[in-house]
Chemist: 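This structure is in structure tokens; I'll ask about it shortly.
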Amino acid sequence: MGEAKFFSLSAFIISAHIVATAGAAFAATLGNPGGKILLEVEGRIEHTNRKEKAVFDRAMLETLPPATLETTTVVTDGVQRFDGFYMRDLLELVGADGETVTASALNDYVIDIPAEDFTRFDVVVATHMNGERLETRDKGPLWIVYPRDDHAELEDLRYDYRWVWQLNHLDVQ
């Protein structure tokens with residue numbers, strides 16, 4: 001009986017060490033920002049790098065797999081090219097587990113977006129438009145962009161409200 005308890009305790013200690021090491025390793029891969037923070041993600045996320053948030057500077061966001069989208073918008077003329085990363089890749093990186101993502105912008109605009117949008121559609125967080133880096137004065141530095149021209153249902157006002165420019169905060173719930 002004593003030997004069984006010893007093995008159970010040993011297995012528990014080894015498991016705890018593996019979980020702690022894996023969590024520390026993932027936090028290390030998430031990294032820490034060296035530049036200006038462009039985006040904070042909080043809420044129901046598994047991986048953080050600053051207290052209970054995941055914070056990102058431009059260099060960190062540029063390590064996400066690149067994504068390109070060409071589409072029209074309701075605030076520009078003609079087809080525009082957007083470069084950045086898929087929102088689903090960002091949410092996967094932070095280990096998001098929620099049904100709603102509340103997106104907030106520098107101009108205090110806030111909207112709740114169903115998390116399923118990011119798996120259902122190729123939603124891009126744009127850092128560039130037509131090859132030019134997005135700046136605060138022109139909807140940047142981050143802009144949530146839907147593949148509007150690829151799905152007729154996205155030409156609906158409800159989706160237009162989800163195009164958050166000057167994005168700076170996400171809260172996963």
Side-chain angles (χ1 to χ4, degrees), residues 27 29-45 47-96 98 100-115 117-151 154-173:
T29 61
L30 190 57
N32 287 305
K36 179 182 176 185
I37 304 297
L38 297 184
L39 183 64
E40 292 184 348
V41 185
E42 66 179 334
R44 292 179 54 184
I45 61 173
H47 309 293
T48 62
N49 59 357
R50 185 166 295 167
K51 297 186 182 178
E52 295 184 12
K53 296 180 181 180
V55 296
F56 298 88
D57 63 10
R58 185 175 307 280
M60 294 170 70
L61 294 172
E62 288 174 351
T63 66
L64 287 161
T68 298
L69 171 63
E70 291 188 5
T71 193
T72 57
T73 81
V74 295
V75 295
T76 60
D77 294 324
V79 174
Q80 308 296 319
R81 176 188 163 126
F82 296 95
D83 295 294
F85 53 89
Y86 290 117
M87 178 68 85
R88 67 175 161 256
D89 290 342
L90 173 70
L91 295 175
E92 183 179 327
L93 177 65
V94 298
T100 303
V101 177
T102 302
S104 305
L106 293 170
N107 63 3
D108 296 326
Y109 180 76
V110 177
I111 189 161
D112 291 336
I113 302 172
D117 278 12
F118 307 125
T119 55
R120 190 167 169 218
F121 306 111
D122 290 334
V123 178
V124 169
V125 178
T127 57
H128 292 75
M129 184 172 81
N130 299 323
E132 299 291 324
R133 178 181 284 170
L134 290 169
E135 301 295 339
T136 304
R137 68 182 175 279
D138 54 12
K139 303 191 178 14
L142 303 172
W143 185 2
I144 296 176
V145 179
Y146 278 73
R148 174 173 223 274
D149 296 349
D150 295 346
H151 305 275
L154 294 178
E155 294 181 25
D156 182 296
L157 187 60
R158 289 175 294 172
Y159 289 100
D160 292 339
Y161 287 127
R162 298 174 189 174
W163 289 56
V164 180
W165 58 72
Q166 295 181 335
L167 175 70
N168 70 338
H169 187 265
L170 299 171
D171 186 3
V172 180
Q173 295 303 317

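Side-chain atoms are counted along with the backbone in the values below, which use heavy atoms only and exclude waters and symmetry mates. Just so you know, these numbers come straight off a predicted model, no measurement behind them.
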Chemist: Kindly give the heavy-atom pair with the smallest separation between Ala103 and Val164, and that separation in Å.
Modeler: CB-CG2, 3.9 Å
Chemist: With sequence neighbours excluded, tell me which residues meet side chain to side chain contact (heavy atoms under 4.5 Å, CB included) with Asn107.
Modeler: Ala105, Tyr109, Trp165, Gln166
Chemist: Could you pull out all residues at least two apart from Asp83 that satisfy side chain to side chain contact (heavy atoms under 4.5 Å, CB included)?
Modeler: Thr68, Arg81, His128
Chemist: Could you give the distance from CD (Glu92) to CG (Leu64), rounded to the nearest 0.5 Å?
Modeler: 10.0 Å
Chemist: If I take atom CG from residue Leu90 and atom CG from residue Leu61, how far apart are they, to the nearest 0.5 angstrom?
Modeler: 7.0 Å
Chemist: Tell me whether the count of non-hydrogen atoms from other residues, nucleotides or ligands lying under 6.0 Å of CD in Gln173 goes above 12.
Modeler: yes
Chemist: If you define the side chain from C-beta out and look only at heavy atoms, does anything of Pro141 sit under 4.5 Å from Leu134?
Modeler: no
Chemist: Find the distance between CG (Leu142) and OG1 (Thr136) and round it off to the nearest 0.5 Å.
Modeler: 9.5 Å
Chemist: Going by heavy atoms in the side chains, are Val110 and Ser104 under 4.5 Å from each other?
Modeler: yes
Chemist: Heavy atoms, side chains only, cut-off 4.5 Å: are Glu62 and Phe85 in contact?
Modeler: no
Chemist: To the closest 0.5 Å, what do you measure between CG (Leu167) and CE (Met87)?
Modeler: 6.0 Å
Chemist: May I have the step-by-step check of side chain to side chain contact (heavy atoms under 4.5 Å, CB included) for Trp163 and Ile144, ending in yes or no?
Modeler: CA-CA 5 Å; Trp163 289 56; Ile144 296 176; 5.7 Å; no
Chemist: Counting only heavy atoms not in Glu135, do more than 12 fall under 6.0 Å of its CD?
Modeler: yes
Chemist: Would you confirm whether Thr73, through its side chain, and Val75, through its main-chain N or O, come within 3.5 Å as a donor-acceptor pair?
Modeler: yes
Chemist: If every non-hydrogen atom of Ala115 is compared with every non-hydrogen atom of Gly98, which pair is closest and at what distance?
Modeler: CB-O, 3.4 Å
Chemist: Considering only residues two or more places apart or on different chains, which pairs with a residue in residues 31-41 satisfy salt bridge (charged side-chain N to carboxylate O under 4.0 Å, His left out)?
Modeler: Glu40-Lys53
Chemist: Would you check if Val101 and Phe118 make a side-chain contact, meaning some heavy-atom pair closer than 4.5 Å?
Modeler: yes
Chemist: Search all heavy atoms of Met60 against all heavy atoms of Gly31 and return the closest pair with its distance.
Modeler: CE-O, 3.6 Å
Chemist: Please determine whether side chain to side chain donor-acceptor pair (under 3.5 Å) holds for the pair Thr102 and Asp112, giving the CA-CA distance in whole Å, both sets of side-chain angles, and the decisive distance to 0.1 Å.
Modeler: CA-CA 4 Å; Thr102 302; Asp112 291 336; 2.6 Å; yes
Chemist: So do the side chains of Thr71 and Val145 get within less than 4.5 Å of each other, counting heavy atoms only?
Modeler: yes
Chemist: Glu42 versus His169: any side-chain heavy-atom pair under 4.5 Å?
Modeler: yes
Chemist: Give the C-alpha distance, both sets of side-chain angles, the deciding distance and a yes or no for salt bridge (charged side-chain N to carboxylate O under 4.0 Å, His left out) between Asp171 and Arg44.
Modeler: CA-CA 8 Å; Asp171 186 3; Arg44 292 179 54 184; over 6 Å; no
Chemist: Apply side chain to side chain contact (heavy atoms under 4.5 Å, CB included) to Thr63 and list each qualifying residue two or more places apart in sequence or on a separate chain.
Modeler: none
Chemist: For the backbone of Gly35 and the side chain of Asp57, can you confirm whether one donor and one acceptor N or O come within less than 3.5 Å of each other?
Modeler: yes
Chemist: Checking side chain to side chain contact (heavy atoms under 4.5 Å, CB included) for the pair Val172/Leu91: CA distance, chi angles, key distance, verdict?
Modeler: CA-CA 9 Å; Val172 180; Leu91 295 175; 4.1 Å; yes
Chemist: Quick one: does Pro33's side chain get under 4.5 Å of Arg50's, heavy atoms only?
Modeler: yes
Chemist: Could you tell me the separation between the CG atom of Asn168 and the CG atom of Leu106, rounded to the nearest 0.5 Å?
Modeler: 4.5 Å
Chemist: Could you give the distance from CD (Glu155) to OG1 (Thr72), rounded to the nearest 0.5 Å?
Modeler: 6.5 Å
Chemist: Which atoms form the tightest heavy-atom contact between Ala54 and Leu30, and what is the distance?
Modeler: CB-CD2, 4.2 Å
Chemist: State which residues pass side chain to side chain contact (heavy atoms under 4.5 Å, CB included) with Asp117; sequence neighbours excluded, sorted by chain then number.
Modeler: Ile113, Pro114, Phe121, Tyr146, Tyr159, Arg162
Chemist: Applying salt bridge (charged side-chain N to carboxylate O under 4.0 Å, His left out) as the test, list every pair that has at least one member in residues 137-150; sequence neighbours left out.
Modeler: Arg148-Asp160
Chemist: Restricting to non-hydrogen atoms, name the atom on Thr127 and the atom on Gly84 that form the minimum distance, rounded to 0.1 Å.
Modeler: OG1-CA, 3.8 Å
